[in-house]
Amino acid sequence: MDLNVRDKAYVFVGGTAGMGLAGAMVLAADGAAVAVIGRDETRAKAASDALAEAGASAVYAVTADVSQAGAAVDAVTEAATLLGRLDGIAVTMGTAGMMPVDSDDEAWDAAFRDVLLATTRSVQAAIPHLVKTKGAVVTTSAYSSRAPHEPRLPYASLKAAVATFTRGIARTYGKDGVRANSIAPGAVETDALHAIRGYIAENKGYPYEEALERALVEDFGFDAALARPGQPDEIGALIAFLLSDRCAFVTGQTIYADGGAP
């Protein structure tokens with residue numbers, strides 16, 4: 001499906017790898033202009049090269065740690081200025097890992113900045129541009145916000161807040177033509193999860209192509225209907241669709257992409 005995004009402009013915060021880059025690649029292949037924002041300059045350059053090769057009408061890479069005070073607003077503003085217009089923003093960062101609920105205040109504050117504040121500030125910076133173009137917002141919640149467990153309770157709580165914030169943006173700016181939706185992925189084989197596939201295969205004697213799936217089910221009780229992790233390009237396609245006008249009547253939703261997790 002042609003997403004009808006040629007020459008429109010999108011910012012991906014956390015778009016230098018994983019689900020964010022996958023979503024940017026879909027839009028680039030349909031001729032959109034894309035700016036990616038990430039912490040690592042080398043990875044941002046590699047992402048921008050890949051997007052240009054995929055067919056983006058223009059590509060920009062902005063290096064910033066959006067969890068730091070003021071950085072999200074500055075980075076999104078810079079990206080929007082480089083693009084010349086802004087039709088959509090996707091925020092796909094915020095990956096605070098295992099962290100018990102009794103973590104100290106410093107750890108909670110770091111998770112708050114990384115998972116929630118980086119999202120709210122990025123969207124805040126984009127809104128004036130999106131009002132002009134009747135654009136779209138996509139944020140990243142998580143399946144665990146619906147099924148939280150103690151080792152990641154801070155993360156799940158903050159991701160639930162992302163979904164609530166996004167619904168609020170949809171309600172507040174819908175009258176201006178701005179749409180806002182949140183995705184809630186389950187287990188997705190991004191770089192971190194993919195890196196352990198070979199380790200599992202070697203140490204448990206599983207076939208490589210089955211190793212991660214078997215370990216998730218047998219060792220961690222993973223019971224999604226599809227019995228496998230998602231792939232970044234599967235989530236990226238959803239992000240791209242939600243950003244496009246092909247999804248023009250969907251707003252204020254949290255869409256679970258979890259392979260049928262209970």
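It should be emphasised that the depicted structure is a prediction, and the values quoted were computed from it without experimental measurement.
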Please, which pairs that meet side-chain hydrogen bond (donor to acceptor under 3.5 Å, both in side chains) have at least one residue in residues 247-262, sequence neighbours excluded? Arg146-Asp258, Arg167-Thr254
Smallest separation among heavy atoms of [X] and [Y], with atom names:
X      : Y      : result
Tyr60  : Leu83  : CD1-CD2, 3.8 Å
Thr16  : Leu21  : O-CD2, 3.7 Å
Ala211 : Ile200 : O-CG2, 3.6 Å

Count the heavy atoms belonging to other residues, nucleotides or ligands that lie under 6.0 Å from CD of Glu41, then report whether that count exceeds 12. no
Ion pair check, [X] and [Y], cut-off under 4.0 Å:
X      : Y      : result
Asp49  : Arg43  : no
Glu234 : Arg228 : yes
Asp245 : Lys8   : yes

Picking from Thr139, Thr120, Thr140, Thr119, what satisfies side chain to side chain donor-acceptor pair (under 3.5 Å) with Thr166? Thr139
Say whether, by atom type as modelled, one donor and one acceptor occur between the side chain of Arg197 and the main chain of Glu189 under 3.5 angstrom. no
Using a 3.5 Å distance criterion without hydrogens, assess whether the side chain of Ser157 forms a donor-acceptor pair with backbone atoms of Leu153. yes
Spatial distance of atom CD (Gln68) from atom CG (Asp74) [nearest 0.5 Å]: 12.0 Å
